[in-house]
Amino acid sequence: MQQTAPQSAYTKPSVHQVTPERQAAGERLVGRLKGQVAGRMYTDPLMTYAWSGDASSYRLIPAAVVFINSEDEVRAVMAAARAEHLPITFRAAGTSLSGQAVTDGVLAVLGDGWRTLNIHPGAEQITLGPAIIVAQANTALKPFNKKIGPDPASQATCKIGGVVNNNSSGMCCGVTQNTYHTMARLRIVLSDGTMLDSGDPQSCAAFRKSHAAMLAGLHELHHQVTADPELVALIARKYAIKNTVGYSLNALVDYHDPLDILIHLMVGSEGTLGFVSEVTYNTVPEHPFKSTALVPFPDPQTAGRAIIEMANGGVQVTTGVTAAEYIERRALATVEHLAPMAPLLPWLTDNSPAVLIDVTAPDQATLEAEVAKAVELLSRHGATHIDFSTDEARSHGLWDIRKGFFASGGAARPKGTGMLTEDVAAPIDRLAEFVIDMRQLLDDHGYEDAIIFGHALAGNLHFQMSDDFSQADAAARFDAFSRALSDLVSVQYGGSLKAEHGTGRAIAAFVEAEWGSAAYALMHRIKALFDPEGLLNPGVLLNTDDKIHIKHLKLMPLADELVDMCIECGFCEPACPSHQMTLSPRQRIAVTRERARLRASGEDPERLKRLDEDFQYPGLDTCAACNLCSVRCPVGIETGTMIMGQRAQRRGDTARAIAGFVADHRGSVETLMRTGLGVADVARTIIPAPAIAALTDTARRLSGKRVPRVSSELHRGPGTPKPRDSRQDPRQSGFPVPISQTGRQSIVYFPSCATRMFGAPSSEHGLLAVPDAMLALLERAGFDVVTPEHLNGQCCGQPFQSKGFPEEAAKVGGELKRELSALSDAGRLSVVTDASTCAKHLREFPGDAPVLDSAQFLLAQVLPRLTITQKLPVVAVHHNCSAQRLAEQPMTEAIARACSDNIAVLSSVTCCGYAGDKGLFVPELNAHATRFAKQDIPAGCTLGVSTVSTCASGLSEHTEVPFVGLASLLEWASRPLH
């Protein structure tokens, strides 16, 4: 029977606002920190709202946002917060699902200073800073067939600091490979500013002296627990399954030395006991041989029984079945339109769950044996279709679906509702009945739209549902459900209310119900020993307010159809070039929603005006509109497209008139640009480059940044190439149709405006400009080349589109596409262009001409007809944003490999932030996006490649290695030697 609370106990949720007192305290704190903290600090309405949410269903606006980059800055923030009576919350990636990373105090965000990674000899250990993304650590370890133990589904986004503080686990981690069990060393800063490095004997010795009283208190707690057999048994039972509810009380049983107890209590403490500045992990094997299958069952009971047997009594293995993800039928329905699901659809009934299984082994023979064992087990339990495969692409496709359930399931919710997620575990031997009871509980409380999935080998189920917390009865329903859930999981099943997502605000009210009063009292004593002032993340993990889980809930008002389904998970952020410089896609969406809410409600017009005005630079001007966010988003949300729409809305009549004039006089503009760059090139031969930079910077400052910045690596382009003599071109032959007398295949080549206007930096290899290189390659490969007439000014329209002038973009791009279609003889001939951005944009216009990017065409049609005559030792490779969206990375890398002995992919760069002309007018975006690129380039590398010339110029400047077009490199490598 559905439980409900008295309606009078609840009120319609309101949006949290910073009180004037907190606002003043935040401003005073920032004043105290000037000169002590080098990172950005914010107290303004826009930026504090942008940082008000994490991936959970909670929102709190901080009084101040401070970027920290060192332990000294951590100490400074602690001292300033203490002086202003403000609490501190540390934030890594903000993928927390239980409300751990939001605050109305000081939000201390990890900056670049914490991005440290060091693999120890033999790769048996790895030392990581808290700002390293989990996937970055595992990528670095992959050549050694190693990984770190924790493997959360958000590993492409979440950071080590959050993983340690939440004791995160994941698909294969189980209960034995989490941070608590695989940590070799921890470096921390306590609330009094003391640093402790558990791997440094001198640090430990000094701490034993300076904090003897604290260690004595932990020693006393240890003896109190070990003297209580019932408490010891409870702790053992709780940690036999996944459990992140409350503090890690197992530390009081597992260790005797209070220093070891202290370090292990830090794991899973959610930033309430101290700050983690570094961790060393013992790595675990990542076997190179793997087979994957998504296996359907006739009903949940049979799937549950199969998983119970596969779970091996809860003992984690590294050979055999290492992962088994239960996915109920309603969850499968949200993704059954995706290509990797197609083979499974004939086997699914209305009640069919499926289990995603990985079998891994150190060698092929062992893998085959383990797969055979798994097939026998699954068949015996009634699996309806078993199809294991070692195809890596298929495996990645299936696992991408599973890792994206949080967002893809969220996208299936009704628009305007918020996303709720919980994470529970039960003893593995009761999994079959637990699945049924969980489904019934959700349905009984009105959450029929909920979906269930999870790490079944550990008895760990995730479920998520939606609700509209702008409605007064939503909080009451969620409260009743939460209390019933606590009773089912904690009491009836003796399980964990939070298996791996951390307690946070979501479960803080239920910690005592799960653990009992004796264990709960221990937790309060632990908090008092570490943080007697309650400075660190108060209200998280421990909270006396029994309604905390239904306070400060996010509202998700409708704002833009392009982004309304966003659940603010943050998966997009690592791909965004402006993330942590100004705003990320998640933050642009959150602020857009708040502006829409304020417009609709009419409340606080002054705040709305401030948000609208302040959004210009961080929201609009510094968005590259590259839409790489959509590639990382499990449901493909294009925040860049939303931003381009907002730019269009803000364009006035004058701006539109200018855009129209430029569109009508493109040839003159192109000539003017090339002339200006030519003047700059000549000037550099007379005036030192730094002096020219100073002059342009002064001009930019005096003009309000309306004058473009011309870097030393931006050169005059080659202009329009001379037309080639081709009997295939009716304009030259005089015949109405092409004359096929040469026996050579014809191709239409469109040199993009970027490669015509902007030239490559000089290098020691004597490379040709991209248009000349393309023509040389096409002719060398035996093609007759047709180029458009009057190339000067011809453009695909993308520059107009990105600036918010869609009408001009359609006009300019449409004209070009029609001409290319005509030249292609209604699609008989292929059209190739030399810029990925251009190729992608031209494909969006109607027309017969199939437009190919240079990487695609050079690899398939040109390289096989060439002889490579010389190679470079190593070439750096940049995948620009359009190339990534066209999935051209393998093609670009294949050509680069043909021209070199080794390649070095710029793994730290997603979109380079040059973004058309933003490198000229917002150069700080390009500098920020490429700030780590030098680290990706090995010693001895003298050349890099990119498929867009403007991107190449920005990379050349910030890496100090010349980047050139792909065609220029291939032409050099295949150049006949005399």
Side-chain angles (χ1 to χ4, degrees), residues 89-90 96 98-100 161-169 175 178-181 183 186 188 190-191 196 198 214-215 217-226 228 231-232 234-276 279 423 425 490 495-544 548:
T89 294
F90 298 108
S96 300
S98 302
Q100 302 96 311
V163 168
V164 174
N165 277 285
N166 291 320
N167 199 22
S168 307
S169 46
V175 295
N178 56 28
T179 298
Y180 181 93
H181 289 292
M183 174 182 66
L186 205 61
I188 62 174
L190 295 179
S191 63
L196 170 62
S198 69
M214 180 183 185
L215 295 176
L218 291 174
H219 194 58
E220 181 184 342
L221 291 181
H222 164 69
H223 282 292
Q224 179 182 333
V225 170
T226 54
D228 185 339
L231 197 50
V232 170
L234 173 65
I235 291 170
R237 188 168 66 251
K238 296 296 291 180
Y239 289 103
I241 60 175
K242 284 188 178 183
N243 173 33
T244 60
V245 176
Y247 289 118
S248 300
L249 294 185
N250 46 342
L252 296 170
V253 176
D254 295 342
Y255 297 95
H256 301 283
D257 185 334
L259 205 59
D260 288 333
I261 293 172
L262 183 155
I263 288 298
H264 286 83
L265 281 171
M266 285 291 300
V267 178
S269 62
E270 303 179 24
T272 64
L273 302 183
F275 175 78
V276 174
V279 60
D423 157 47
S490 300
S496 305
L497 265 178
K498 282 293 183 181
E500 60 180 4
H501 291 167
T503 310
R505 286 175 166 75
I507 299 299
F510 304 100
V511 175
E512 184 172 9
E514 175 152 325
W515 275 100
S517 57
Y520 190 60
L522 283 173
M523 294 182 190
H524 278 282
R525 290 176 64 186
I526 289 167
K527 173 67 171 174
L529 281 171
F530 280 80
D531 182 26
E533 302 165 284
L535 183 71
L536 304 179
N537 222 7
V540 167
L541 200 142
L542 301 178
N543 201 308
T544 57
I548 188 61

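Any value given below was found using the heavy atoms of this structure, including those in side chains, with hydrogens, waters and symmetry copies removed.
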What are the two closest heavy atoms between Asp423 and His501, and how far apart are they? OD2-N, 2.8 Å
Distance-only, no hydrogens or angles: does the Glu270 side chain make a donor-acceptor pair with backbone N or O of Gly504 under 3.5 Å? yes
Are Gln100 and Asn166 linked by a side-chain donor-acceptor pair shorter than 3.5 Å? yes
Answer yes or no: is there a side-chain heavy-atom contact under 4.5 Å between Leu249 and Leu231? no
After noting the C-alpha distance and the side-chain angles of Ser98 and Lys498, does the key distance pass the side-chain hydrogen bond (donor to acceptor under 3.5 Å, both in side chains) rule? CA-CA 9 Å; Ser98 302; Lys498 282 293 183 181; 3.1 Å; yes
If I take atom CG from residue Leu536 and atom OG1 from residue Thr89, how far apart are they, to the nearest 0.5 angstrom? 8.5 Å
Residue pair Gly246 / Val511: nearest heavy atoms and the distance that separates them: CA-CG1, 4.3 Å
Any residue meeting side chain to side chain donor-acceptor pair (under 3.5 Å) with Tyr239, in chain and number order, not counting sequence neighbours: none
Would you kindly say whether Thr272 and Tyr247 are connected by a side-chain donor-acceptor distance under 3.5 Å? yes
For Glu514, which residues count as a salt bridge (Lys or Arg N to Asp or Glu O under 4.0 Å) partner, sequence neighbours excluded? Lys238
Determine, for Arg525 against Glu220, whether the closest basic-nitrogen to carboxylate-oxygen distance falls under 4.0 angstrom. yes
Is a side-chain N or O of Asp260 found less than 3.5 angstrom from the main chain of Ile263, in a donor-acceptor match? no
Exam field: side chain Arg505 to backbone Val540, donor-acceptor pair closer than 3.5 Å: no
Any donor-acceptor pair under 3.5 Å from Ser248 side chain to Val267 backbone: yes
Report the C-alpha distance between Thr226 and His256 in whole Å, list the side-chain angles of each, state the deciding distance to 0.1 Å, and finish with yes or no for side-chain contact (heavy atoms from CB on, under 4.5 Å). CA-CA 10 Å; Thr226 54; His256 301 283; 5.7 Å; no
dist Leu529:CG -> Lys527:NZ (nearest 0.5 Å) comes out at 11.5 Å
Please tell me if the side chains of Ile261 and Asp254 come closer than 4.5 Å, counting only heavy atoms from C-beta onward. no
What one should report as the nearest heavy-atom pair of Pro258 and Leu218 is O-CD1, 3.8 Å
For the student: nearest non-hydrogen atoms of Leu265 and Ser269, plus distance: O-CB, 3.5 Å
Treating Asn537 as the side-chain partner and Gly271 as the backbone partner, does any N or O pair qualify as donor plus acceptor under 3.5 Å? no
Quick one: does any side-chain atom of Thr244 pair with a main-chain N or O of Gly502 as donor and acceptor, under 3.5 Å? yes
For the student: nearest non-hydrogen atoms of Ser490 and Leu497, plus distance: OG-CG, 3.6 Å
Shortest non-hydrogen separation from Val276 to Val164 and the atoms involved: CG2-CG1, 4.0 Å
Between Met266 and Phe530, is any pair of side-chain heavy atoms under 4.5 Å apart? yes
According to the interplanar angle, ranging from 0 to 90°, do the rings of His264 and Tyr180 count as parallel (below 30°), tilted (30 to 60°) or perpendicular (above 60°)? perpendicular
Judged by atom type as modelled, is there a donor-acceptor pair below 3.5 Å linking the side chain of Trp515 to the main-chain atoms of Val245? yes
